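As the structure is a computational prediction, the values presented were derived from the model and not from experiment.
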Amino acid sequence: MNRIEQYGLIGNMQTSAHVGDDGSLDWLCMPRFDSAAVFAALLGTQKHGAWRIAPASAAAEGGPIAVAEQCYRGDSLVLESMWRTLTGMARVTDFMPPRDGTPQVIRIVEGVSGEVLMSSVFRPRPGYGQVSPWIHEVGGRMVAEAGADALWLDTSTQQVEKDGAVVSSFTVSAGESVAFVLSWGPAHCAPPEIPDPDSALAMTLGFWQDWSRRCTYAGPYRDAVVRSLITLKAMTYAPSGGIVAAPTTSLPEEIGGGRNWDYRFTWLRDAAMTVTALLGTGYCQEAEAWRRWLLRAVAGDPENLQIMYGITGERDLLERELGWLPGYESSVPVRVGNGAADQLQLDVYGHVIEFLHVAHLGGVARCGDAAVLHQRLIEHLAQRWQMPDEGIWEVRGQRRHFVHSKVMAWVAVDRTIRLVEAGALEADLFALRELRKAIHHDVCTKGFDPDRNTFTQSYGSQEVDAALLLIPRVGFLPPGDPRVLGTVEAVRRELSTPEGFVRRYPTAGGGVGLDGLAGDEGSFFLCSFWMVDALALSGRLPEARALFDQLLGLRTDLGLLAEEYDHAADRQLGNFPQAFSHIGVIGSALLLQQLGAGAPEARSDVLLLAGVR
């Protein structure tokens with residue numbers, strides 16, 4: 001089985017696919033990110049659905065006897081895999097055209113030199129690998145039908161059905177090409193049209209290159225920032241403006257463990273941070289699209305705010321286990337849906353209102369029709385901020401008074417006050433200022449351990465939490481405050497790996513921890529980027545840059561990051577690619593550039609975006 005980091009991502013802003021460096025497309029949900037997978041080998045074996053295009057010798061033996069080198073073509077999401085064999089070289093170009101209508105995957109095989117005998121083995125298994133479809137020929141086209149879904153596979157080379165797969169063998173010489181087009185459609189509808197592969201490739205390249213050129217960031221690490229922006233864009237659902245936290249489910253946070261979750265939904269927190277990162281690099285349309293999504297999903301019922309919704313605003317995200325899938329490297333259970341949707345996470349109020357504040361300041365979306373939602377969220381938060389919750393990490397144990405949750409409640413009130421002071425929102429300023437003061441005092445008296453000079457994970461606890469690193473980033477306390485400096489050192493001491501990468505919080509290993517879960521996990525990429533930010537804000541720029549460079553060195557050859565990193569096994573863990581991780585790349589790069597520039601206006605801009613005056 002491929003390591004997580006051996007996969008490349010392609011997508012069309014409706015769904016996405018994972019292509020391994022062995023030529024196998026092992027994960028694809030159609031027609032949406034949250035649809036059932038038609039290829040699920042990522043969480044099982046080839047029998048659970050995969051589509052491999054590779055030199056025939058490699059495909060026959062099931063191994064990479066030819067070497068595949070992968071790269072993206074420029075600033076795009078068009079993936080190229082180069083195969084070198086004893087008889088010649090061939091290139092496979094994989095992409096998904098970003099357009100309305102029929103979702104498609106196009107794979108173009110080109111001869112580069114000599115002659116290469118290639119093989120395509122197309123084995124769809126809808127229903128997350130559970131269903132064997134009816135494969136047959138219709139009008140000279142191959143189609144795999146299962147229930148409501150039809151998968152059409154078109155190519156100029158001969159195709160035969162063999163043992164539940166569509167198989168093709170063909171030779172490409174230098175200058176020759178063979179294209180395969182996979183199209184999804186409702187089984188009861190007419191077959192989709194066959195696109196011209198070369199025109200579709202040109203259109204796809206043009207789309208991504210035009211989009212990438214809109215990036216306004218021109219500082220150090222620009223290539224890493226642009227690749228992260230493209231990855232975040234790939235995780236947006238264009239028809240609605242929703243944004244998934246990751247396009248996969250159940251990739252483990254510990255190999256062989258049970259910390260396996262479905263991330264194909266829109267977390268308010270994750271999405272708000274994503275669009276803030278996009279706003280900070282010049283992308284306003286995505287922010288306005290998500291703002292409209294937010295109003296549709298939340299505005300009618302803010303009293304029952306969920307922490308996440310489906311990509312078009314669905315509320316019912318029932319969690320269940322798929323017992324027939326053996327899991328990635330035997331990491332079970334495999335889950336779809338997410339039971340955390342019903343949790344109380346007070347920090348979400350802060351992230352949503354921070355986004356509304358930043359969008360207003362940026363002129364993207366004045367308060368306008370969001371004013372009523374904003375006011376109702378604050379009214380509801382005023383009634384709930386003193387309650388314990390499950391916190392940012394969605395613990396499945398007992399609710400607690402998480403310090404980060406209270407800090408983000410303070411952020412929600414603080415940003416509301418700023419908007420009222422600017423005349424953009426109507427509210428009782430005196431009451432809001434008293435509420436802000438009360439939350440701040442509560443956190444500083446109940447969430448701080450003076451003996452250890454550190455804030456704690458929750459009131460009265462002995463543990464620290466990486467989310468505490470955000471205290472200076474959001475403006476709760478200045479970066480140079482002794483309590484902040486003490487907290488940064490406590491997190492480094494208690495949660496850092498030998499390399500300096502940061503875990504979220506202590507776990508219990510073989511027992512059940514305070515999060516209600518057994519097992520361990522790796523260091524968390526986003527938390528490590530938060531450490532970069534904390535060091536930079538406290539004036540330790542050389543240390544911050546050194547850690548940032550280390551983190552960038554952990555990206556795949558394609559510039560992608562999963563959720564976590566296992567330093568002992570030197571591998572990535574968790575759902576892949578992860579929006580949180582790429583948000584960290586962008587945010588830290590911008591902060592380092594602006595603080596390093598030393599210009600007052602640059603420093604002011606970045607700190608305002610971070611919530612610091």
Side-chain angles (χ1 to χ4, degrees), residues 11-16 29-36 98 100-101 103 148 232-249 261-276 278-279 283-320 335-356 358-359 364-365 367-378 380-381 390 394 412 575 579-580 583:
N12 63 356
M13 278 76 71
Q14 295 183 46
T15 187
S16 61
C29 302
M30 278 193 163
R32 304 181 359 161
F33 290 109
D34 55 356
S35 299
D100 295 335
L232 293 179
K233 177 66 172 176
M235 287 188 265
T236 62
Y237 183 70
S240 71
I243 304 170
V244 297
T248 55
T249 180
W261 316 106
D262 193 347
Y263 279 10
R264 298 170 301 152
F265 307 113
T266 300
W267 271 255
L268 297 186
R269 173 195 308 108
D270 302 45
M273 294 171 69
T274 296
V275 293
T276 299
L278 289 165
L279 267 175
Y283 293 97
C284 300
Q285 293 178 1
E286 289 75 12
E288 176 55 27
W290 188 72
R291 179 178 174 272
R292 292 195 300 269
W293 176 94
L294 177 70
L295 291 172
R296 291 193 302 269
V298 177
D301 192 20
E303 289 78 10
N304 295 306
L305 183 75
Q306 293 187 185
I307 66 159
M308 74 178 89
Y309 298 82
I311 53 178
T312 54
E314 299 89 343
R315 288 176 168 266
D316 185 4
L317 307 181
L318 180 66
E319 184 176 303
R320 61 192 178 97
R335 296 181 174 96
V336 295
N338 201 306
D342 297 326
Q343 289 188 355
L344 173 63
Q345 296 176 20
L346 293 171
D347 71 292
V348 167
Y349 290 87
H351 286 289
V352 170
I353 290 176
E354 170 74 330
F355 162 72
L356 295 174
V358 171
V364 175
C367 285
D369 51 2
V372 173
L373 169 63
H374 191 146
Q375 291 162 345
R376 291 174 70 182
L377 287 175
I378 281 293
H380 200 49
L381 178 62
E390 278 90 1
E394 301 178 358
N575 284 307
F580 258 174
I583 290 166

Test side chain to side chain contact (heavy atoms under 4.5 Å, CB included) applied to L305 - qualifying residues, sequence neighbours left out: L268, V298, Y309, V348, Y349, L377
Q14: side chain to side chain donor-acceptor pair (under 3.5 Å) partners, not counting sequence neighbours: none
Qualifying residues under side chain to side chain donor-acceptor pair (under 3.5 Å), relative to N575, sequence neighbours excluded: T248
With sequence neighbours excluded, residues passing salt bridge (charged side-chain N to carboxylate O under 4.0 Å, His left out) with R296: none
With V244 via side chain to side chain contact (heavy atoms under 4.5 Å, CB included) - residues at least two apart: F33, M235, I311
For D270, salt bridge (charged side-chain N to carboxylate O under 4.0 Å, His left out) partners two or more places apart: none
W293 ring center within less than 6.0 Å of Y237 ring center: no
Check: Q306 side chain, N304 main-chain N or O, donor-acceptor pair, under 3.5 Å: no
Counterpart residues, ring-ring contact (aromatic ring centres under 6.0 Å, His included), relative to W267 (two or more places apart): Y263
All side chain to side chain contact (heavy atoms under 4.5 Å, CB included) counterparts of S35, not counting sequence neighbours: C29, P31, R32
For D100, all residues meeting side chain to side chain donor-acceptor pair (under 3.5 Å), sequence neighbours excluded: none
T236 side-chain N/O to I243 backbone N/O, donor-acceptor pair under 3.5 Å: no
Y283: partners by ring-ring contact (aromatic ring centres under 6.0 Å, His included), with sequence neighbours left out: W211
Expected output: side-chain N338 to main-chain D262 donor-acceptor under 3.5 Å: yes
Q345 side chain to E390 backbone, donor-acceptor under 3.5 Å: no
Closest heavy-atom pair and its distance - N12, T15: OD1-N, 2.9 Å
Partners passing salt bridge (charged side-chain N to carboxylate O under 4.0 Å, His left out) against E394 (at least two apart in sequence or in another chain): none
Listed partners of R320 passing side chain to side chain donor-acceptor pair (under 3.5 Å), at least two apart: none
Neighbour count >12 (heavy atoms, 6.0 Å) for atom CD, Q285: no
